[in-house]
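All remarks here apply to the structure that follows.
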Amino acid sequence: EEHHKNIARARNLYQLALRYWNESQRLAPEPDHFLLAQILGHLATLERRAGNPARAVELLRELRKISPNPAGIDKLIQDTEAGVPPASAP
């Protein structure tokens, strides 16, 4: 149960960060895409670990639009759709 509370807390924080980024950066002359990539990547990984692959793929598709490595994101999307679990955190 503690694990699920931590996932919910982390999800809430990343969603808040994403909302803040959209409010403050989306229309900025030079949006901070690095920060957006970090938020989307972490949130997608969390959703994969939480068993929400459809939401993870949605986030990864958004990440692909700004990634300097779209082929790597395509691989993550394929792995997610195939049910491959995310790599463990170090």
Side-chain angles (χ1 to χ4, degrees):
E1 184 174 322
E2 183 68 26
H3 176 71
H4 292 292
K5 287 181 184 176
N6 288 339
I7 287 175
R9 184 176 299 128
R11 180 183 290 118
N12 288 339
L13 288 173
Y14 284 122
Q15 287 175 338
L16 181 64
L18 185 57
R19 187 173 77 214
Y20 176 78
W21 189 94
N22 280 320
E23 291 171 359
S24 66
Q25 295 286 313
R26 189 172 48 89
L27 300 176
E30 294 183 31
D32 187 348
H33 284 134
F34 177 77
L35 178 58
L36 178 59
Q38 293 293 304
I39 295 166
L40 291 171
H42 287 291
L43 189 51
T45 300
L46 182 140
E47 293 296 355
R48 286 180 73 190
R49 288 193 175 127
N52 300 317
R55 177 70 176 137
V57 167
E58 180 182 318
L59 292 161
L60 290 169
R61 286 188 176 133
E62 287 300 311
L63 176 57
R64 187 186 189 288
K65 294 176 186 176
I66 59 167
S67 174
N69 181 14
I73 304 303
D74 287 340
K75 174 74 169 107
L76 286 173
I77 291 170
Q78 291 170 359
D79 287 353
T80 301
E81 291 175 334
V84 176
S88 309

Subject >> Linked, directly or transitively: Leu63 and Val84 (ILVMFWY side chains, under 4.5 Å) >> reply: no
Original post:
Which pair of heavy atoms, one from Leu60 and one from Ile77, lies closest together, and at what distance?
Top reply: CB-CG1, 3.6 Å
Please report, to 0.1 Å, the donor-acceptor pairs under 3.5 Å made by any side chain of residues 40-47, with sequence neighbours excluded.
residue : atom : partner : partner atom : Å
Thr45   : OG1  : Gly41   : O            : 3.0
Glu47   : OE1  : Arg11   : NH2          : 3.2
Glu47   : OE1  : Asn52   : ND2          : 2.7
Glu47   : OE2  : Arg11   : NE           : 2.9

Original post:
What pair of heavy atoms forms the shortest contact from Pro53 to Thr80, and how long is it?
Top reply: O-CG2, 3.7 Å
Subject >> Inter-residue atom distance Gln25.CD - Leu35.CG, 0.5 Å rounding >> reply: 7.0 Å
Result block: side-chain N/O donor-acceptor pairs under 3.5 angstrom for residues 65-72, not counting sequence neighbours:
residue : atom : partner : partner atom : Å
Lys65   : NZ   : Glu62   : OE2          : 2.9
Ser67   : OG   : Asn69   : N            : 2.9
Ser67   : OG   : Asn69   : O            : 3.4
Asn69   : OD1  : Gly72   : N            : 3.1

Hey, can you pull the donor-acceptor pairs under 3.5 Å for the side chains in residues 14-21, sequence neighbours left out?
residue : atom : partner : partner atom : Å
Trp21   : NE1  : Asp32   : O            : 2.9

Original post:
So, Arg9 versus Asn12: side-chain donor-acceptor pair below 3.5 Å or not?
Top reply: no
Subject >> Shortest non-hydrogen contact between Ala28 and Ser24, atoms and distance >> reply: CB-O, 4.2 Å
Subject >> Contacts of Gln38 that satisfy side-chain hydrogen bond (donor to acceptor under 3.5 Å, both in side chains) - sequence neighbours left out >> reply: none
**OP:** First locate atom CZ of Arg48, then atom CZ of Arg55, and finally report the distance between them rounded to the nearest 0.5 Å.
**Re:** 15.0 Å
Original post:
Got a sec, which residues hit side-chain hydrogen bond (donor to acceptor under 3.5 Å, both in side chains) with Asn22, two or more places apart in sequence or on another chain?
Top reply: none
**OP:** Could you list all the salt bridge (Lys or Arg N to Asp or Glu O under 4.0 Å) pairs where at least one residue sits in residues 34-43, not counting sequence neighbours?
**Re:** none
**OP:** Could you list all the salt bridge (Lys or Arg N to Asp or Glu O under 4.0 Å) pairs where at least one residue sits in residues 72-82, not counting sequence neighbours?
**Re:** Arg61-Glu81, Arg64-Asp74, Lys75-Asp79
